[in-house]
Amino acid sequence: MGGIAVMDEASAADHADPGLTEHTSSRPAESDSIRTLNRVFGYDSFRGDQEAIIEHVVAGGDAVVLMPTGGGKSLCYQIPSLVRPGTGVVISPLIALMQDQVDALRALGVRAGFINSTLDYDEQRVVEAEFVAGELDLLYLAPERLRLDSTLDLLSRGKISVFAVDEAHCVAQWGHDFRPDYLALSLLGERWPDVPRIALTATATRATHQEITKNLGMDGARHFEASFDRPNIQYRIVSKDDPKKQLLRFLKEEHAGDAGIVYCLSRNSVEKTAEFLCRNDIPAVPYHAGLDARTRALHQSRFLREEGLTVVATIAFGMGIDKPDVRFVAHLDLPKSVEGYYQETGRAGRDGAPSTAWMAYGLQDVVQQRKLIQSGEGDLAFQRRAAAHLDAMLALCETVQCRRAQLLAYFGQKQEAPACGNCDSCLTPPESWDGTVAAQKVLSTVVRLQRERGQKFGTGQIVDILLGKKTAKVIQFDHDQLSVFGIGEELSEAEWRGVVRQLLAQRLLAVEGEYGTLVLTEDSGSVLARQREVPLRKEPKKAPTAKGSSSKGSRKSKSPVDLPEELLPLFEALRSWRGAQAKEHGVPAYVIFHDATLREIALITPGSIDELAAIGGVGEKKLVTYGEGVLAVVAEWAGATAPDAGGPGPEADAPTPEEDA
């Protein structure tokens, strides 16, 4: 085994996710892999397919792994890198995070390094020399590096234990985050046929899965697919009604003091939303490609290291972020695909604790996304694929069924029960109604404008005509003379906009041109001819709040899951100690210990090194580095709460009447 077998805390965070089932298979003899897991992380068993994946790669086999964020993917290549002789080479697009990843590993005793464009010449030469000399356990490379002959020559001069292709969906041209440099990675198998390869992603449909396999030249690989379900995440989608204020209410009522991510479509929206939150006492920073590299790095570093900070970002932010205690991910604009939505929401709740995926969604989102597809530079095939991605996303938004079931079905998986009990559709079941007549009225208005007047208009004018509003624009074009003028007074303006939104989602209407005018589709005729019914979703009057949250103000105290109230002071004392250690070592707090580990320490209240060593998440290296500090915090708390210390103590007897007198 090369070097000191210690992983990063992100892997421990993945492994400790209580939302996933532990794998407790019996084994005749303890393998090097399980010994590494036990010694380094303090865990006795793998979960799910982890053990099968790891042992397959350790034995020299290739693997394609689909596993959700928080499922423990990093262990699947880190342990083989340490068990097999040589250096594990990790191909990752996450240049901005490589420094943090390597710093955290080195702080824990792992001989890790990286090579990317942020290094100067001398720094790069040092890392290269360490690799060639066999002094690295893990080496991180950006994919574009493999286009350089110098990099290929370097790799040929060292011994490689494993090739790991992280974020492997980047190789799929129809995926949501395609990176052209990933297409060159098939050469790894051609040039180093005896080195096992493992490709990993948290987001892939069956089609993307097949494309990953093909483009990486891994036809002979064994495939592992874990459940995509994240039961700790509550999925909620609300109708837009002043979305920034809706977001503020959501954060203050349910996630006061929590860390989270807010996604917006444009840089301008990111800036304005971050400013709005700051003005309303929510600490927030912006993140988008228009900011200089130094500012982006600073904001990312603050998010990883500080508690309770919100990052407002475009999709440029988040891939590879290992922060386990992200309690919410919010979207103020509609994602382009279910894959993108799943990956972005998956950044919440990596530690398995309850978290929320919240989105505000409206008519303009549909119009805007349709226009973006039509005006894009892609060819017809690309536009069709983009439209199919959007249709699937709209179906998720408009469904009256369980959102989790719909989400899993998109990835080819089936939910065991028809309802999950932890999405808005399950918590507050929406009503559906027969919108056929309403749809006919909208479509008829579009027809009258086009056929009788040769005109095309957007949603606002259509709705004004249906409601019989004599606006300046209606009078200007004599639209009050149309036979459909005022035939829709049974619904409100908001309800008509909802009808139009759902007709767009069902492709019974389309948008056209720069101004987003409404036009009929091939399917519109069947509705007008009364050959097709149009069921529509009636939104609930009020969006549900998260389980355990209060709708009457912010949550002043957030009790850790399964922790008795009398142990909260100890848990907070451990968190304060951890924060000081993180600051001293210059690493995020979760690199020291995960919240789940601190929670177990508070429950067990260990009094010796041996008792502390038995706690999940406390491996050999951390025991040596932090053991005495943890025991000191526990001892101080125990002394302060002991009866003879003046405190009541956890088991102090109630005073007798005489003592009370």
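Taking CG of Leu394 as the reference point, atom CG of Leu334 lies at 6.0 Å (rounded to 0.5 Å). To the nearest 0.5 Å, atoms SG (Cys402) and OH (Tyr235) are separated by 10.0 Å. Put simply, SG on Cys423 and CD1 on Ile237 are 9.0 Å apart, with the number rounded to the nearest 0.5 Å. Note that CG of Leu482 is 8.0 Å distant from CD of Gln455, once rounded to the nearest 0.5 Å. For the atom pair Met393 CE and Glu398 CD, the distance stands at 10.5 Å (nearest 0.5 Å). The CZ atom of Arg448 lies 14.5 Å from the CD atom of Gln481; values are rounded to the nearest 0.5 Å.
No side-chain heavy atom of Phe411 sits less than 4.5 Å from a side-chain heavy atom of Asp229. The side-chain heavy atoms of His288 and Glu271, taken from C-beta on, include a pair separated by under 4.5 Å. Residues Tyr342 and Leu407 form a side-chain contact, since some pair of their non-hydrogen atoms from C-beta on lies under 4.5 Å apart. You'll find the side chain of Arg370 reaches within 4.5 Å of the side chain of Arg507, heavy atoms only. Taking the side chain as every heavy atom from C-beta outward, Glu490 and Glu495 never approach each other to under 4.5 Å. Glu339 has its side chain within reach of Tyr410: a pair of non-hydrogen atoms, C-beta onward, lies under 4.5 Å apart. Inter-residue side-chain proximity for Leu200 and Met67 is flagged as unmet; no heavy-atom pair is nearer than 4.5 Å. The shortest side-chain heavy-atom distance between Val285 and Arg302 falls under the 4.5 Å cut-off.
Summarising the local packing, CD of Glu144 is surrounded by more than 12 heavy atoms from other residues, nucleotides or ligands at distances under 6.0 Å. Within a 6.0 Å radius of CZ in Arg384, other residues, nucleotides and ligands contribute 12 heavy atoms or fewer. The 12-atom threshold is not exceeded at NZ of Lys336, counting heavy atoms of other residues, nucleotides or ligands nearer than 6.0 Å. Within a 6.0 Å radius of CD in Glu416, no more than 12 heavy atoms belonging to other residues, nucleotides or ligands are found. Within 6.0 Å of atom NZ in Lys240, more than 12 heavy atoms from other residues, nucleotides or ligands are found, so the atom counts as buried in its surroundings. No more than 12 heavy-atom neighbours from other residues, nucleotides or ligands sit within 6.0 angstrom of CD on Glu533.
With hydrogens and angles ignored, the 3.5 Å screen pairs no side-chain donor or acceptor of Asp325 with any backbone N or O of Ala259. Side-chain atoms of Glu344 never come within 3.5 Å of backbone atoms of Tyr263 as a donor-acceptor pair (strictly under, hydrogens ignored). In this structure, the side chain of Ser301 does not engage the main chain of Ala297 through any donor-acceptor pair within 3.5 Å. A donor-acceptor contact shorter than 3.5 Å is absent between the side chain of Gln406 and the backbone of Cys397. A donor-acceptor pair is defined here as one N or O able to donate and one able to accept, closer than 3.5 Å; no such pair exists between the side chain of His223 and the backbone of Val64. Panel note: side chain Arg296, backbone Leu291; a donor-acceptor pair is recorded below 3.5 Å. The main-chain N or O of Ser239 is found under 3.5 Å from a side-chain atom of Gln246 such that the two form a donor-acceptor pair.
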The test is side-chain hydrogen bond (donor to acceptor under 3.5 Å, both in side chains); show your working for Arg537 and Ser432 and say whether it passes. CA-CA 5 Å; Arg537 175 188 174 106; Ser432 59; over 6 Å; no

Applying side-chain hydrogen bond (donor to acceptor under 3.5 Å, both in side chains) to Asp434 and Thr436, what does each step give before you reach the verdict? CA-CA 6 Å; Asp434 184 354; Thr436 307; 2.5 Å; yes

Begin with the C-alpha distance, continue with both residues' side-chain angles, and end with the deciding distance and a verdict on side chain to side chain contact (heavy atoms under 4.5 Å, CB included) for Tyr287 and Val270. CA-CA 7 Å; Tyr287 189 104; Val270 164; 5.9 Å; no

Quick one, Arg347 with Phe317, criterion side chain to side chain contact (heavy atoms under 4.5 Å, CB included). Give me CA distance, side-chain angles, the key distance, then yes/no. CA-CA 11 Å; Arg347 287 157 192 157; Phe317 177 82; over 6 Å; no

For side chain to side chain contact (heavy atoms under 4.5 Å, CB included), just list the numbers for Lys469 and Val474, CA-CA rounded to whole Å, side-chain angles, deciding distance to a tenth of an Å, and then say yes or no. CA-CA 7 Å; Lys469 288 186 176 181; Val474 166; 5.5 Å; no

Decide side-chain hydrogen bond (donor to acceptor under 3.5 Å, both in side chains) for Thr459 and Arg497; before the verdict, give the C-alpha distance in whole Å, the side-chain angles of both, and the deciding distance to 0.1 Å. CA-CA 7 Å; Thr459 303; Arg497 286 183 171 273; 5.2 Å; no

Output, in order, the C-alpha distance, side-chain angles, deciding distance and verdict of side-chain hydrogen bond (donor to acceptor under 3.5 Å, both in side chains) for Thr201 and His169. CA-CA 6 Å; Thr201 181; His169 59 273; 2.8 Å; yes

Could you go through Thr273 and Lys244, starting from their C-alpha distance and side-chain angles, then the distance that decides it, and tell me whether this counts as side chain to side chain contact (heavy atoms under 4.5 Å, CB included)? CA-CA 7 Å; Thr273 302; Lys244 286 205 288 288; 3.9 Å; yes

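Of all the heavy atoms in Gly349 and Asn232, the pair that sits closest is O-ND2, 3.0 Å. Across all non-hydrogen atoms, the minimal contact from Ala348 to Thr356 is CB-O, 4.5 Å. Here the closest heavy-atom approach between residue Arg267 and residue Ala289 is recorded as NH2-CB, 3.6 Å. Of all non-hydrogen atoms in Leu508 and Ser524, the two that sit nearest each other are O-OG, 2.7 Å. Here the closest heavy-atom approach between residue Arg327 and residue Ser355 is recorded as NH2-OG, 2.9 Å. Closest approach of Val519 to Val446, counting heavy atoms only: CA-CG1, 4.2 Å.
Between His255 and Phe328, the two ring planes are tilted [angle within 30° to 60°].
For the ring-ring contact (aromatic ring centres under 6.0 Å, His included) test with His331, the passing option among Tyr341, Trp358, Phe250 is Tyr341; the others fail. When each of Arg404, Arg236, Arg403 is checked for a salt bridge (charged side-chain N to carboxylate O under 4.0 Å, His left out) with Asp424, only Arg403 meets the rule.
For the residue pair Thr295/Asp292, the side-chain donor-acceptor check at 3.5 Å is satisfied. Under 3.5 Å, the side chains of Asn268 and Ser266 contain no donor-acceptor pair of N or O atoms.
Residues Phe477 and Phe457 bring their aromatic ring centres within 6.0 Å.
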